[in-house]
Protein chains: 2
Amino acid sequence: MDDNSIFIEKLRVSGLRPTKQRLEICKLLFDRKKTFHFSINELAEIFKKERKKKISLATLYNTVHSFKKKGFLKEISVNSEKSYFDTNTSNHHHFLDVNTNELIDLKKDDVDKIRIKKILPGKKIKSIEVLVKIENSN
Amino acid sequence: MDDNSIFIEKLRVSGLRPTKQRLEICKLLFDRKKTFHFSINELAEIFKKERKKKISLATLYNTVHSFKKKGFLKEISVNSEKSYFDTNTSNHHHFLDVNTNELIDLKKDDVDKIRIKKILPGKKIKSIEVLVKIENSN
DNA sequence: ATGTAGATTATAATGATTCTAAACTAGTGT
DNA sequence: ACACTAGTTTAGAATCATTATAATCTACAT
Ligand SMILES: [Mn+2]
Ligand SMILES: [Mn+2]
Ligand SMILES: [Zn+2]
Ligand SMILES: [Zn+2]
């Protein structure tokens, strides 16, 4: 019923031991259809209130950062109040709803291809990301 | 020789008293041709090391935040390590040089107009900003 | 000149993140 | 099955950026 084998493999392959805590975190983060955007504090809240699992805050910090280092998560900076992590590690664009502070993924074809006309000598483009702030109309 | 009258007026109009400290900060921030991107800590360093003026850190925080509230500065979030303020308060795009952590403004015509095809019901677009990460080529 | 709201500052408090080091555990080998 | 060890978790302490406090100072209106 709880099939952790995918996550166990994912962790093993990347050189991380599949511990009870890491598997719980994997299930929460990666066992879903849509992208999940979260802060570490929200993660802690979910484990405490919704799932009633006690994983120490230190472990949440450690795990999220090692997942980021392994490329399972991406960090997104959209404002100074909050640091978001994103289960969608591809290059992609976002809506940020400024009324709710919610991040929403944009699909490739939701945005026309961005063309940058300026080049800096000795530099090359690494990534291009668009942040579209939205707010309640009317 | 140091013509503060513009800044005195700017501050008065916005309801801020033109104090010695605020005028020093204005001169540093706004008396330049190119956009200036900075962190509050960098600002403190400049006053201490380059200009030999002692403005307390509390005043720097207060002033930068009130300038932001008055619309003289804009806060830019590009990574979790550092919070940048920007003397260019218009909607504009940036290069971020990941090797130096330097922000560089893109002009309107450096980037083709962005077209967002997705709409969320009850929401409208407030701003669109592109972050182009660049790195050393070769 | 005086009065006062606003501003500056040293210092303390806060709070998010990181560090420490002791206890625990997954995986290996016997 | 048992023991060993490197890796992991954890409570609590340390750190550090930012914000709050409250005493002093100042711009400016009267
Ligand atoms: Mn701030
Ligand atoms: Mn981080
Ligand atoms: Zn995303
Ligand atoms: Zn800028």
Side-chain angles (χ1 to χ4, degrees), chain A residues 4-5 7-29 38-48 51-70 72-73 75-85 101, chain B residues 4-5 7-29 38-48 51-70 72-73 75-85 101:
Chain A
N4 283 339
S5 49
F7 298 135
I8 292 176
E9 201 48 25
K10 183 187 175 84
L11 290 170
R12 282 234 178 78
V13 165
S14 71
L16 296 173
R17 286 187 183 170
T19 63
K20 191 160 62 72
Q21 292 85 344
R22 283 175 180 158
L23 288 171
E24 284 300 331
I25 295 170
C26 278
K27 276 194 284 183
L28 176 53
L29 296 182
F38 63 96
S39 68
I40 290 177
N41 218 60
E42 286 165 1
L43 207 56
E45 288 298 298
I46 293 171
F47 276 113
K48 191 164 53 176
R51 308 220 163 176
K52 317 285 187 197
K53 311 262 176 176
K54 32 191 162 346
I55 300 181
S56 77
L57 197 52
T59 297
L60 292 176
Y61 273 96
N62 290 341
T63 304
V64 166
H65 284 128
S66 57
F67 282 9
K68 180 188 171 190
K69 190 173 298 177
K70 295 298 182 186
F72 303 154
L73 289 172
E75 196 166 3
I76 309 278
S77 289
V78 293
N79 64 48
S80 50
E81 279 85 52
K82 215 173 160 188
S83 193
Y84 293 86
F85 291 87
N101 248 17
Chain B
N4 283 338
S5 50
F7 298 135
I8 292 175
E9 203 46 30
K10 184 187 173 86
L11 290 170
R12 281 236 178 78
V13 166
S14 71
L16 297 173
R17 287 188 181 170
T19 63
K20 191 161 62 73
Q21 292 84 347
R22 283 176 179 158
L23 288 171
E24 284 299 332
I25 295 171
C26 279
K27 277 193 285 182
L28 177 53
L29 296 182
F38 64 95
S39 68
I40 290 178
N41 218 60
E42 286 165 359
L43 207 57
E45 289 297 298
I46 292 171
F47 276 114
K48 192 164 52 175
R51 309 221 163 176
K52 316 286 187 195
K53 311 260 176 180
K54 30 191 164 345
I55 299 180
S56 78
L57 197 53
T59 296
L60 292 176
Y61 273 96
N62 290 341
T63 304
V64 167
H65 284 129
S66 57
F67 282 8
K68 181 188 171 189
K69 190 174 296 175
K70 295 298 182 183
F72 303 153
L73 290 172
E75 195 166 3
I76 309 278
S77 289
V78 293
N79 64 48
S80 50
E81 280 86 50
K82 214 173 160 188
S83 193
Y84 294 85
F85 292 86
N101 248 16

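Residue numbers begin at 1 in each chain, while the letters A, B, ... track the order of the sequences.
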K.L.:
From CZ of B:Arg12 over to C1' of D:dA27, roughly how many Å is that when rounded to an integer?
P.N.:
9 Å
K.L.:
Between atom CG in A:Leu23 and atom C1' in C:dT25, what is the gap in whole Å?
P.N.:
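In whole Å, C:dT25 C1' and A:Leu23 CG are 13 Å from each other.
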K.L.:
Between B:Asn41 and A:Ile55, name the one whose nearest nucleotide on DNA chain D is closer to the 5' end.
P.N.:
A:Ile55
K.L.:
Side-chain N or O of A:Gln21 less than 4.0 angstrom from OP1 or OP2 on D:dT10?
P.N.:
yes
K.L.:
Indicate whether OP1 or OP2 belonging to D:dA17 is found under 4.0 Å from a side-chain N or O atom of B:Ser83.
P.N.:
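Negative; the distance criterion is not met.
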K.L.:
Whole Å only: how far is the CG atom of B:Leu43 from the P atom of D:dA17?
P.N.:
15 Å
K.L.:
Taking only N and O in the side chain of B:His65, is any of them less than 4.0 Å away from OP1 or OP2 of D:dT19?
P.N.:
yes
K.L.:
Which atom pairs link the protein and nucleotides 4-6 of chain C when you take only N or O atoms and keep those under 3.5 Å?
P.N.:
none

K.L.:
Please determine if A:Glu42 and A:Lys82 form a salt bridge, counting it only when a charged side-chain N lies under 4.0 Å from a carboxylate O.
P.N.:
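Yes, charged N to carboxylate O under 4.0 Å.
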K.L.:
At 4.0 Å (heavy atoms only), tell me whether B:Lys54 reaches a base, stays on the sugar-phosphate, or touches nothing.
P.N.:
sugar-phosphate
K.L.:
Of the non-hydrogen atoms in A:Phe67 and A:Arg22, which two are nearest, and what is the gap between them?
P.N.:
CZ-O, 4.3 Å
K.L.:
To the nearest 0.5 Å, tell me how far A:Phe38 CZ sits from A:Ile46 CD1.
P.N.:
8.5 Å
K.L.:
Pull out every residue in residues 57-64 of chain A that has a heavy atom closer than 4.0 Å to any atom of DNA chain D, ordered by number, or say none.
P.N.:
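Residues of residues 57-64 of chain A that come under 4.0 Å of DNA chain D are, in numerical order, A:Ala58, A:Thr59, A:Asn62.
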K.L.:
For A:Ser80 and B:Glu75, does a side-chain donor sit closer than 3.5 Å to a side-chain acceptor?
P.N.:
yes
K.L.:
Starting at NZ of A:Lys69 and ending at P of D:dT8, how long is that distance when rounded to a whole Å?
P.N.:
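For the pair A:Lys69 NZ and D:dT8 P, the rounded distance is 12 Å.
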